[in-house]
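Since the structure comes first, as structure tokens, the remarks are kept for the end.
The residues of the chain are indexed from 1 along the displayed sequence.
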Amino acid sequence: MHIAMVHRDLHQRTRGGICAIYRSLTAHMAARGHTVTLITQQSAHPVTVDGARVVTLPRTDNMTAHRASVAAVLDRIRPDVIDCSTWEAETLTYLHQLPEYRAPILVRGEFSARTLGADDLAAAEHELVHLADASSPSATTPPETSPMPTTSRHQP
């Protein structure tokens, strides 16, 4: 299975949080024989994980441009499933494709943009969660403050 992990702030040096979760998940999935691609932005400490491919996009604060770049990479690499966090709704442009033309997306609840005072990102975060194929609170978000419920559009 080809799994894409998307987060613009994946670094080799980390203080924990979503970066540590994604690096650990990537290492475990690669060790089990899955093809894993990390999609991130340029960093002073670029992320590396044995057995994983890293696609590094130019660093930008223009989220429209970044989301378009993420969508273009996902269209090119054609993963079987995508894992991303809510923060900055990086896969939102890709999610606007019809489901038959894209991979399913699992969204992990990270920090709520509204809680952090980033109201400009809150609407995109909300839209991402509601369009995603599945969502689950991240280990970094206590359940009582999770920005979304655990859901799935797909029945077993």
Side-chain angles (χ1 to χ4, degrees), residues 1-12 14-43 45-57 59 63 66-113 116 121-122 124-143 145-156:
M1 178 180 290
H2 183 186
I3 304 160
M5 308 286 284
V6 181
H7 198 287
R8 67 182 274 170
D9 291 314
L10 298 177
H11 313 285
Q12 197 58 29
T14 180
R15 297 176 301 218
I18 200 76
C19 183
I21 291 169
Y22 277 13
R23 285 179 40 207
S24 178
L25 283 172
T26 298
H28 286 289
M29 289 184 286
R32 285 166 177 72
H34 297 291
T35 300
V36 183
T37 303
L38 294 170
I39 301 171
T40 190
Q41 285 190 352
Q42 292 171 332
S43 167
H45 306 284
V47 66
T48 59
V49 178
D50 287 342
R53 175 179 174 215
V54 178
V55 175
T56 305
L57 301 172
R59 181 152 292 279
M63 289 314 300
H66 177 65
R67 291 175 187 141
S69 295
V70 168
V73 169
L74 291 169
D75 284 337
R76 188 179 76 242
I77 67 171
R78 303 189 55 79
D80 296 307
V81 66
I82 300 161
D83 189 311
C84 68
S85 80
T86 54
W87 186 247
E88 297 183 320
E90 294 178 82
T91 58
L92 189 56
T93 299
Y94 180 80
L95 252 173
H96 280 282
Q97 296 181 47
L98 294 172
E100 57 267 23
Y101 297 112
R102 63 169 177 79
I105 297 181
L106 165 68
V107 177
R108 294 179 184 278
E110 192 176 2
F111 299 111
S112 168
L116 294 175
L121 296 174
E125 179 182 88
H126 180 80
E127 183 179 3
L128 176 73
V129 168
H130 287 86
L131 289 175
D133 299 287
S135 57
S136 174
S138 170
T140 61
T141 306
T145 61
S146 174
M148 71 186 117
T150 301
T151 62
S152 176
R153 288 189 181 183
H154 301 287
Q155 298 301 317

Which distance, rounded to the nearest 0.5 Å, do you find between the [atom1] of [X] and the [atom2] of [Y]?
X     : Y      : atom1 : atom2 : value
His34 : Met1   : NE2   : CE    : 6.5 Å
Leu10 : Met5   : CG    : CE    : 8.0 Å
Ile77 : Thr35  : CD1   : OG1   : 10.0 Å
Leu38 : Ile3   : CG    : CD1   : 10.5 Å
Leu95 : Glu127 : CG    : CD    : 8.5 Å
Thr91 : Leu128 : OG1   : CG    : 4.5 Å

Exercise. Test Thr93 against Val70 for side chain to side chain contact (heavy atoms under 4.5 Å, CB included), laying out the working first.
Key: CA-CA 8 Å; Thr93 299; Val70 168; over 6 Å; no

Close side-chain approach of [X] and [Y], heavy atoms under 4.5 Å:
X      : Y     : answer
Asp75  : Gln97 : yes
Thr40  : Val54 : yes
Ile105 : Tyr94 : yes
Cys19  : Asp9  : no

Nearest heavy-atom pair of [X] and [Y]: which atoms, and what distance?
X      : Y     : value
Ala103 : Pro79 : CB-O, 3.2 Å
Arg67  : Ala89 : NE-O, 3.0 Å
Gln41  : Arg59 : OE1-NH1, 3.1 Å

Quiz prompt | Atom NE2 of His126 with >12 non-hydrogen neighbours under 6.0 angstrom | solution =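 No, not enclosed.
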
Self-check item: Partners meeting ring-ring contact (aromatic ring centres under 6.0 Å, His included) with His66 (sequence neighbours left out)
Solution: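 In terms of ring-ring contact (aromatic ring centres under 6.0 Å, His included), with neighbours along the sequence ignored, His66 is linked to no residue.
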
Practice problem: Sort and list the pairs that fulfil salt bridge (charged side-chain N to carboxylate O under 4.0 Å, His left out) and have at least one residue in residues 77-96, not counting sequence neighbours. | Solution: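 Residue pairs passing salt bridge (charged side-chain N to carboxylate O under 4.0 Å, His left out), neighbours aside: Arg8-Glu88, Asp83-Arg108.
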
Quiz item: Taking 4.0 angstrom as the limit, do Arg23 and Asp50 come out as a salt bridge?
Solution: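 Salt bridge between Arg23 and Asp50, a charged N being under 4.0 Å from a carboxylate O: no.
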
Exercise. Tell me, with the steps shown, if Val49 and Val36 meet side chain to side chain contact (heavy atoms under 4.5 Å, CB included).
Key: CA-CA 10 Å; Val49 178; Val36 183; over 6 Å; no

Practice problem: State which residues pass salt bridge (Lys or Arg N to Asp or Glu O under 4.0 Å) with Arg53; sequence neighbours excluded, sorted by chain then number. | Solution: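 Partners of Arg53 under the salt bridge (Lys or Arg N to Asp or Glu O under 4.0 Å) test: none.
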
Quiz item: When you measure from the side chain of Thr26 to the backbone N and O of Tyr22, does any donor-acceptor pair fall under 3.5 Å?
Solution: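 It does hold such a pair.
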
